[in-house]
Amino acid sequence: MRMLIKGGCCFVDGRLIDTDVLIKDGKIQALGKNLVAEGSVDKLIDASGKLVAPGLVDVHVHFRDPGLTYKETVETGSKAAAHGGFTTVGAMPNVDPVPDTPEKMRQMIKHNQQTGVVHVAQYSSVTVNRQGDQPVDFQEMKDAGAFAFSNDGSGIQTAGTMYRAMEGAAKVGLPLAAHVEDNSLLFGGVMTAGKRAEELGLPGAPSVSESAQVARDLVLAKATGVHYHICHVSTKESVELVRLAKKEGVNVTCEVTPHHLLLADKDIPANNSYFKMNPPLRHEEDRQAVIEGLLDGTIDMIATDHAPHSRKEKPQDDMRGAANGITGSETAFEMLYTKFVRPGIFSLAQLLNWLSAVPAEEFGLDQAGHLEPGKPADIAIFDLNTERKITEDSYLSKGVNSPFTGQRVYGTTDLTLVDGKVAYSRNGEEE
C-alpha cells in the first residue's frame with residue numbers, strides 16, 4: 001500500500017520544512033515535493049496547514065498491565081498514547097507480576113505487541129520484585145528483550161544495591177533509569193514542604209529527599225560508567241547536581257515531566273488529589289530551574305510519567321491516602337505547545353526534539369524519533385491552529401486523574417500512524 005502525506009510542515013533532522021511524505025508498506029519511502037502523481041497512491045492525506053512530526057517518544061509510562069488492569073491496560077494506555085501523538089513508549093515494570101525473569105519479560109513483550117496500538121518498549125525491574133537487594137540477571141533480561149532497567153516508583157534505598165545494579169546495567173550496555181527518593185527523608189509528606197502545604201494543612205516532605213539520592217547516585221554512576229538516567233527531575237538542587245556531573249563527564253541523562261514544567265505547589269488550588277504526584281509539585285524556583293535546565297541542555301528530554309488510577313484511588317477532596325500520579329499521554333504535547341511554544345519560551349523544534357529524537361537516541365530506540373526514508377512510518381499530524389477544551393470524555397485512557405482537564409489548548413492530534421497504519425484519528429478514520 002502506498003500513502004502520500006501532502007502539504008504539511010514536516011519536522012526533519014531538527015528543522016521544520018515544507019515537504020511531502022511518501023509511505024510504502026509501512027515505511028517512509030521518500031521525502032520531497034512532486035514525489036508521485038496523486039492518483040497513483042492508495043491513500044492521500046491532506047496535511048495543509050498542519051504539523052507533520054515523527055511519532056513522539058515517551059520513555060516513561062505506566063500501563064498497569066498485568067495485575068492492575070482496572071487502572072489501565074496496554075490497549076487503553078497505548079490508545080491514549082496514540083491520541084497524544086506518541087508512537088513509541090517505555091512501559092515501567094511496577095505491575096503484577098513484576099518482569100524480573102526472562103520468562104515474565106518475554107510474556108510481557110508478547111502481550112505488548114499483541115494488544116498495543118503503538119510500539120511498547122518494556123523495562124525490566126532492577127531488583128527481584130522491585131524490592132530488596134537482590135538484582136535481576138541483567139544479561140538474561142536484556143536477551144529477553146528489556147530495553148532498560150528501572151525500579152520506578154521505588155527509590156533504591158541502599159548505595160550498595162545501586163552500585164551493584166549500575167555495574168550490571170553497564171556491563172550489558174543498557175540504561176538504568178532511577179526514581180530518586182530517599183524514603184527516610186519523606187516524613188509522611190504528601191506534597192512538598194513549605195508555605196502552600198502549611199496553608200492547606202497537609203504534611204510536607206522536603207525536596208532534599210530527591211536531591212540527596214541524586215548526589216549519591218551521580219558519584220556511583222561516575223565510578224561504574226553506567227548510563228544513568230534520572231526520572232522526573234523536579235528540584236533546583238537536582239538540576240545543578242546534574243549540570244556539574246555532566247561537566248565532569250558522568251554518563252547521565254534525565255527527563256522532566258510536563259506537570260513539573262507547567263505547575264508549582266503554589267498552583268495547587270485546594271486539597272485535591274489530582275495535584276498529588278511523586279515527585280510532588282515543587283516551589284516556583286524549582287519550576288524555573290527545570291525550565292532553564294531543559295533550555296541549556298542539562299535536562300535532556302520530556303517524559304510524561306503517565307500514571308492512571310481509578311476514581312476511588314484519587315478522591316478529589318483529600319491528598320492523604322490518595323495514590324500518587326496523574327495521566328499525561330493525552331495532554332502533554334497540547335499543554336506544552338500552548339503554554340511554552342506559543343508564548344515563545346520554547347521553539348517548536350526544541351519541543352519536538354525533546355519529545356522525539358532525543359529520547360529515541362538516548363535509549364537506543366533506533367527505529368523511532370525521526371522522519372527518514374527507510375524508517376517505520378510512525379508519524380503524528382497536529383493541528384496547531386484550532387483551539388479545543390480538554391474534557392474528561394475525550395480521554396481514551398481509563399484514568400481521568402489530570403489537573404489539566406478544562407484547559408483550552410492548541411496542538412491537538414489529528415492523526416497518528418504506526419507502521420503506516422492508523423493508530424488514532426480525530427475524525428474516527430480507520431485504516
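All values reported here derive from a predicted model rather than from experimental measurement.
Using modelled atom types and a 3.5 Å distance limit, the side chains of Asn401 and His309 yield no donor-acceptor pair. In summary, the side chains of Asn151 and Thr127 do present a donor paired with an acceptor at a separation below 3.5 Å, with no hydrogens or angles considered. The closest side-chain donor-acceptor pair between Asp58 and His306, if any, does not fall under 3.5 angstrom. Inspection of the Glu330 and Tyr424 side chains reveals no N or O donor paired with an N or O acceptor under 3.5 Å. Of the N and O atoms on the side chains of Glu284 and Gln288, at least one donor lies less than 3.5 Å from an acceptor on the other residue. Defined by atom type and a distance below 3.5 Å, a donor-acceptor pair is present between the side-chain atoms of His60 and Asp152.
Salt bridge Arg243/Asp296: present, at least one basic N to carboxylate O contact under 4.0 Å. At a threshold of 4.0 Å, the pair Lys236-Glu240 does not count as salt-bridged, since none of the basic side-chain nitrogens sits closer than that to a carboxylate oxygen. In this structure, Asp414 pairs ionically with Lys50, as a charged nitrogen and a carboxylate oxygen lie closer than 4.0 Å.
Of the inter-residue distances, the one linking Gln316 atom CD with Asp318 atom CG reads 12.0 Å to the nearest 0.5 angstrom. One finds the CG atom of Asp137 at 10.5 Å from the OG1 atom of Thr101 (value rounded to the nearest 0.5 Å).
In this structure, the side chain to side chain donor-acceptor pair (under 3.5 Å) partners of His119, at least two apart in sequence or on a different chain, are Asp378. Residues that satisfy the side-chain contact (heavy atoms from CB on, under 4.5 Å) test with Thr405, not counting sequence neighbours, are Glu392, Tyr395, Ser402.
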Apply the test ring pair (Phe, Tyr, Trp, His ring centres under 6.0 Å) to residues His179 and His232: give CA-CA distance (whole Å), side-chain angles for both, the deciding distance (0.1 Å), then the verdict.
CA-CA 8 Å; His179 175 111; His232 38 52; 5.0 Å; yes
Derivation of the ring pair (Phe, Tyr, Trp, His ring centres under 6.0 Å) call for Phe275 and His259
CA-CA 9 Å; Phe275 289 83; His259 44 278; over 10 Å; no
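The list of salt bridge (charged side-chain N to carboxylate O under 4.0 Å, His left out) pairs with a residue in residues 198-224, not counting sequence neighbours, reads Arg196-Glu199, Glu210-Arg282, Lys222-Glu248.
Relative to the ring axis of Tyr410, Arg342 places its NZ or CZ within 45° and under 6.0 Å from the centre.
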